[in-house]
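As structure tokens, the structure follows; a few thoughts come after it.
Indexing begins at 1, ligand by ligand and atom by atom, following the structure's order. If you read the sequence from its start, that first residue is 1, and numbering goes on from there.
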Amino acid sequence: MKFADLHLHSHFSDGTFSQEELAGHGVRLGFAALALTDHDSVEGCARMTELCKAAGIVFIPGTELTAEHNDIEVHLLGYFVDMQNQKLLTEIAKFQVVRQNRIREMVARLNELNIPLKAEAVFALANCKSPGRPHVARALVKAGLVANSDEAFRRFLKKNRPAWVPKAKISALEAIELVHQAGGLAIMAHPGLNRTDDMIPALVDAGLDGIECFHTRHSTATSERYLEIADKFHLLVTGGSDCHGFSKGKPLIGRIKLPYEHVEKLFAAKKSRETRGETTNKHE
Ligand code: AMP
Ligand code: ZN
Ligand code: FE
Ligand code: FE
């Protein structure tokens, strides 16, 4: 049976794997399709396209946007986005600046708590335009200021902890439009991790294309519940590991094996958007 992992992070955001490592794991694990979904970045997609092509793996370029609706955070995956779409690139560049400023603010708060971390240490470790809290956590570990990332999140970085800084977010409705105008499909990521059920009808009205029913942190019951919701709203079904690298000594990629029929439906939906002329898909 053919299967896919449509939620992967690389070192172009807060994943620890390079494109070569991700594609290598994809081959080793026998994946027929992969999607890269770095936070606020499509930078790693070009290399991933080449590597997957050479390996005979179908590749879907993507990104994960942090959005909000009625003050509730929701992550939206954009699949098949045009990597050169000007508006998408402009907006992503803004999100990246927000992320970089937020790192400085988190470090300032840590310093107020007498934790002597330097912003430069975080940027050097992150070595990407889209730094996030995991980079702060890893920099704290590297500097010997905490024992591990879990401790960093628990003590400082989790929501409402002293060094947590809220992030300015795009509205979910605007994010869906941003993905669509870039020729992509907009999917609600890991609904089981956020309090996003109530917003599904509003997002569907705004053109939401699908839900990530299968995710490492969804129980079987949770996945089944979202499969029912997808069915009810005629939404596409996706799934992925949300791999950020190693987890408990093993690469997280491989944990979710999305049946390939869902990938075929994604391609069909993309094609149908194109033929309906709903996407400009120009490098405007
Ligand atoms: P950010 O986009 O900077 O807010 O960081 C979000 C990322 O941090 C998520 O994609 C996860 O990879 C990671 N993360 C969030 N909460 C935790 C947590 N409690 N423990 C470890 N990692 C977390
Ligand atoms: Zn992440
Ligand atoms: Fe997410
Ligand atoms: Fe993710």
(request) Give me the one residue out of Phe59, Tyr79, Phe80, Tyr260 that meets ring pair (Phe, Tyr, Trp, His ring centres under 6.0 Å) with Phe267. (result)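 It is Phe80, the one option of Phe59, Tyr79, Phe80, Tyr260 that forms the ring pair (Phe, Tyr, Trp, His ring centres under 6.0 Å) with Phe267.
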(request) Could you please give the number of protein N/O/S atoms within less than 2.8 Å of the Fe ion (ligand 3)? (result)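 Count of protein N, O, S atoms less than 2.8 Å from the Fe ion (ligand 3): 3.
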(request) May I ask whether Thr66 has any heavy atom positioned less than 4.0 angstrom from an atom of ligand 1? (result)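 No, that is not the case, since the closest heavy atom of the residue is not under 4.0 Å from the ligand.
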(request) Check whether any side-chain heavy atom of Leu76 sits under 4.5 Å from a side-chain heavy atom of Leu208, and report yes or no. (result)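 Yes; the side chains approach each other to less than 4.5 Å.
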(message) According to side chain to side chain donor-acceptor pair (under 3.5 Å), who are the partners of Ser247, at least two apart in sequence or on a separate chain?
(response)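 Residues passing side chain to side chain donor-acceptor pair (under 3.5 Å) with Ser247: none at all.
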(message) Going by side chain to side chain donor-acceptor pair (under 3.5 Å), name the residues that satisfy it together with His215, two or more places apart in sequence or in a different chain.
(response)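 Expected list: Asp242.
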Would a hydrophobic clustering, with Ile, Leu, Val, Met, Phe, Trp and Tyr connected at side-chain separations under 4.5 Å, put [X] with [Y]?
{"X": "Met188", "Y": "Leu236", "value": "no"}
{"X": "Leu34", "Y": "Phe246", "value": "yes"}
{"X": "Phe31", "Y": "Ile256", "value": "no"}

Which protein non-hydrogen atom lies closest to [atom], naming both residue and atom, and how far is it?
{"atom": "atom 8 (O) of ligand 1", "result": "Pro134 CG, 3.3 Å"}
{"atom": "atom 12 (O) of ligand 1", "result": "His244 NE2, 3.1 Å"}
{"atom": "atom 2 (O) of ligand 1", "result": "Lys167 NZ, 3.0 Å"}
{"atom": "atom 6 (C) of ligand 1", "result": "Arg133 NH2, 3.7 Å"}
{"atom": "atom 9 (C) of ligand 1", "result": "Asp14 OD2, 4.3 Å"}
{"atom": "atom 21 (C) of ligand 1", "result": "Phe153 CD1, 3.4 Å"}

(request) Evaluate side chain to side chain donor-acceptor pair (under 3.5 Å) for Glu64 paired with His7, printing each intermediate quantity in order. (result) CA-CA 9 Å; Glu64 180 173 16; His7 194 151; 3.1 Å; yes
For ligand 1, which atoms, with element, lie under 4.0 Å from some heavy atom of [X]?
{"X": "Gly132", "result": "3 (O)"}
{"X": "His39", "result": "10 (O)"}
{"X": "Arg102", "result": "1 (P), 3 (O), 4 (O)"}

(request) Could you name all protein N, O or S atoms found under 2.8 Å from the Zn ion (ligand 2)? (result)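 Those protein N, O or S atoms (cut-off: under 2.8 Å from the Zn ion (ligand 2)) are Asp14 OD1, Asp14 OD2, His39 NE2, His244 NE2.
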(request) Using a 4.0 Å heavy-atom threshold (strictly under), name the region of His9 that reaches ligand 1: side chain, backbone, both or neither. (result)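 No part of His9 is near ligand 1 at this cut-off.
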(message) Heavy atoms only, cut-off 4.0 Å: how does Arg154 contact ligand 1, side chain, backbone, both, or neither?
(response)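 No part of Arg154 is near ligand 1 at this cut-off.
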(message) For Arg225, I'd like to know if atom CZ has over 12 heavy atoms of other residues, nucleotides or ligands within 6.0 Å.
(response)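 Yes, CZ of Arg225 has more than 12 neighbouring heavy atoms, counting only those of other groups under 6.0 Å.
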(message) Go through it in stages, so that I can follow the logic: the residues are Glu228 and Lys232, the test is salt bridge (Lys or Arg N to Asp or Glu O under 4.0 Å), and I'd like the CA-CA distance, side-chain angles, deciding distance and then a yes or no.
(response) CA-CA 6 Å; Glu228 280 171 24; Lys232 179 174 155 198; over 6 Å; no
(request) Evaluate side chain to side chain donor-acceptor pair (under 3.5 Å) for His11 paired with Glu21, printing each intermediate quantity in order. (result) CA-CA 10 Å; His11 63 192; Glu21 286 168 320; 5.9 Å; no
(request) Flag Arg99 as yes when one of its N or O atoms lies below 3.5 Å from any N or O atom of ligand 1, and as no otherwise. (result)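 N/O-N/O distance under 3.5 Å: yes.
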(message) Quick check: Asp150 and ligand 1, any N/O pair under 3.5 Å apart?
(response)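 Not met; the criterion fails.
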(message) Which label fits His190 and His75: parallel for a plane angle under 30°, tilted from 30 to 60°, or perpendicular past 60°?
(response)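 Because their plane-to-plane angle is over 60°, the rings of His190 and His75 count as perpendicular.
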(message) Treating Arg47 as the side-chain partner and Gln19 as the backbone partner, does any N or O pair qualify as donor plus acceptor under 3.5 Å?
(response)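 No: the side chain of Arg47 does not pair with the backbone of Gln19.
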(request) Apply salt bridge (Lys or Arg N to Asp or Glu O under 4.0 Å) to the pair Glu105 and Arg102, showing each step before the final yes or no. (result) CA-CA 5 Å; Glu105 216 176 311; Arg102 179 169 171 252; over 6 Å; no
(message) salt bridge (Lys or Arg N to Asp or Glu O under 4.0 Å), that's the test. Do Lys94 and Glu91 meet it? Break it down for me.
(response) CA-CA 5 Å; Lys94 287 189 209 162; Glu91 293 305 311; 3.1 Å; yes
(message) Show, in sequence, the C-alpha distance, side-chain angles and deciding distance for Thr222 and Ser219, and conclude whether the side chain to side chain donor-acceptor pair (under 3.5 Å) test is met.
(response) CA-CA 5 Å; Thr222 299; Ser219 66; 2.9 Å; yes
